[in-house]
Number of protein chains: 2
Amino acid sequence: MPHLAFPNTNCEEFRCSTHCSVRPLAICGELSPEEHQEFERLAQHVRYAPKEPLFSEDEVSDSVFSLIEGIARLYKLLPDGRRQIIGFALPGDFLGMAPTPRYSFSADAIGTVVTCRFFKGPFNRFIENKPHMLMRMNEFATRELGQAQDQMLLLGRRSAEEKVAAFLVSWRDRLARVEGVTKTVTLPMGRQDIADFLGLTIETVSRTFTKLEREKLIVIVPDGVRVLDPKRFDALAAA
Amino acid sequence: MPHLAFPNTNCEEFRCSTHCSVRPLAICGELSPEEHQEFERLAQHVRYAPKEPLFSEDEVSDSVFSLIEGIARLYKLLPDGRRQIIGFALPGDFLGMAPTPRYSFSADAIGTVVTCRFFKGPFNRFIENKPHMLMRMNEFATRELGQAQDQMLLLGRRSAEEKVAAFLVSWRDRLARVEGVTKTVTLPMGRQDIADFLGLTIETVSRTFTKLEREKLIVIVPDGVRVLDPKRFDALAAA
DNA sequence: CGAGTCCTTGAATGTAATCAAAGGTCGTGG
DNA sequence: CCACGACCTTTGATTACATTCAAGGACTCG
């Protein structure tokens, strides 16, 4: 038996049908039972340790991924090492589409991550005669594009304080889709990641958190923040 | 006979088949002759005067557009009037897809613009059983997303000088797709548009152009610039 | 308990923004 | 044809916000 990248690939506990609580949110969420069974046979379930890369910019892109568990950071680097995080991927997100034959950005696990991995060849053959699947991919791409455009507005035209507030609000709302609504917003990524997402330095992010706390808008707790005044907070984020 | 938004809608000189030099680049570029004929019957050809809006953010989005002639600016506004241009659309570009039932940004003509306009209902019925068309839309969305991600890197992590240089290089390359390669890069948009695209002020853009000219990298000419030292210039843009 | 990592705070610096004004260009009408 | 006005761009002086440089504090894990 050949060695597999992840030995549990065929283990029952990793089959989407039994395991995948995020399936309704995922790319495969609207497949019929039969289609889904076929789709599953194309999937490799892969687990990544914290900080482990899923793929890297400029690598030949042979696979696409559906994120099942955990959170990934997606980023681009300049030659001198400056980094821009272009997004955080949550369970249900679909990764790896690129306008060229190589990945246009890098992705790595923040905590532990589990993905469904699909090789592009079989994946493309599967979708090419399934209009509803193609339409779902269009929805996903359009939603991501909308997020990217919001982020351009944030990066180009908002102050540090507005950036941090808008980030916390949109992160809280995205988490709500997978975890449900909570008072406390958990932040699995570090300050440096937030800084690289918002186009700031780590010091400015830290100072801004402190400032928002002094202004009684949030309380900083381990691994996150609690929002004290959602009304005033949303207003600052929308500003 | 009912009044039409554009009286020449059915005029021969505006039919895509005879008029559309950019068709190979456009969303409809790979339709068979029969399909294209059907597609054309759904299209309204519309002309816009300089500065005229194609559509506005938050408006109910009933149409999508294929840009045939001219250049459009796409932008988002903050409540206080700060503006971020999220892109410039060229002939062949496809506009108006949104993650919600309303447009997520505004678009208006820079010079004179001509579009193919499609109402969403008929458009969606046309594409829903045409996998190759859906795949083409995916390509378009993926390409746009890639551009948006490049722009995030630019907005978040590049200096004013790098922003301007990178903008000129990518604009030159995009123009080459529709106009062919030239020494002079024409800039149909004004300095304020460039500033709002790069997340700068008009003064900083102006100063940076002047600086690049002093450094003998470009010459500023009416409605554009000439690149003097493409090698050094590309290096600065990539930096 | 100590090493390492991450986060916070302080002081000085620098890049781009803001405020202000002059210079160009274009189109219109005298 | 020139003069005027509107609009856009350039340049200069000052300010402000975020960065950089530096150091101390907190938490985790072996």
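Just so you know, these numbers use all the heavy atoms, side chains as well, and skip hydrogens, waters and symmetry mates. Chain letters run A, B, ... following the sequence lines, proteins first and then strands; every chain starts at 1.
Taking 4.5 Å as the limit, some side-chain heavy atom of Arg174(B) sits within range of a side-chain heavy atom of Asp93(B). Counting only heavy atoms from C-beta outward, the side chains of Gln151(B) and Ile86(B) never approach each other to under 4.5 Å.
Between Ile202(B) atom CD1 and dT11(D) atom C1' there is a gap of 13 Å when expressed in whole angstrom units. Here the C1' atom of nucleotide dT28(D) and the CG atom of Asp223(A) are 12 Å apart, to the nearest Å. The distance from atom CD1 of Ile194(B) to atom P of dA16(C) is 17 Å, rounded to the nearest whole Å. Going from atom CD of Glu203(B) over to atom C1' of dA13(D) covers 12 Å, rounded to whole Å. Atom CZ in Phe209(B) sits roughly 10 Å away from atom P in dT9(D) (whole-Å rounding). Across the protein-nucleic acid pair, Arg82(B) atom CZ and dA17(C) atom P stand 13 Å apart, rounded to whole Å. If you take CD1 of Ile220(A) and C1' of dC7(C), they are 10 Å apart, rounded to a whole angstrom. Rounding to whole angstrom units, CD of residue Glu213(A) and P of dT8(C) are separated by 9 Å.
Scanning both residues, Ser104(A) and Pro99(A), for their nearest heavy atoms gives OG-CD, 4.1 Å.
Contact check, Thr210(B) against dT10(D): no side-chain N or O comes under 4.0 Å of OP1 or OP2. The phosphate of dT19(D) (OP1 or OP2) has a side-chain N or O of Thr204(A) nearer than 4.0 angstrom.
Both tests do not hold together for Arg117(B) against Phe65(B): distance to the six-membered ring centre under 6.0 Å, angle to the ring axis within 45°.
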Test ring pair (Phe, Tyr, Trp, His ring centres under 6.0 Å) on Phe105(B) and Tyr75(B) and set out the steps.
CA-CA 6 Å; Phe105(B) 55 86; Tyr75(B) 59 93; 8.7 Å; no

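A donor N or O paired with an acceptor N or O is not found under 3.5 Å between the base of dT15(C) and the side-chain atoms of Arg158(B).
Residues Arg157(A) and Arg191(A) both approach DNA chain C. Their nearest nucleotides, taken by heavy-atom distance, put Arg191(A) toward the 5′ side. Residue order along DNA chain D, read from the 5' end via each residue's closest nucleotide, puts Gln192(B) first among Gln192(B) and Glu161(A).
In this structure, Thr201(B) reaches the bases: a heavy-atom distance under 4.0 Å links it to at least one base atom across the strands shown.
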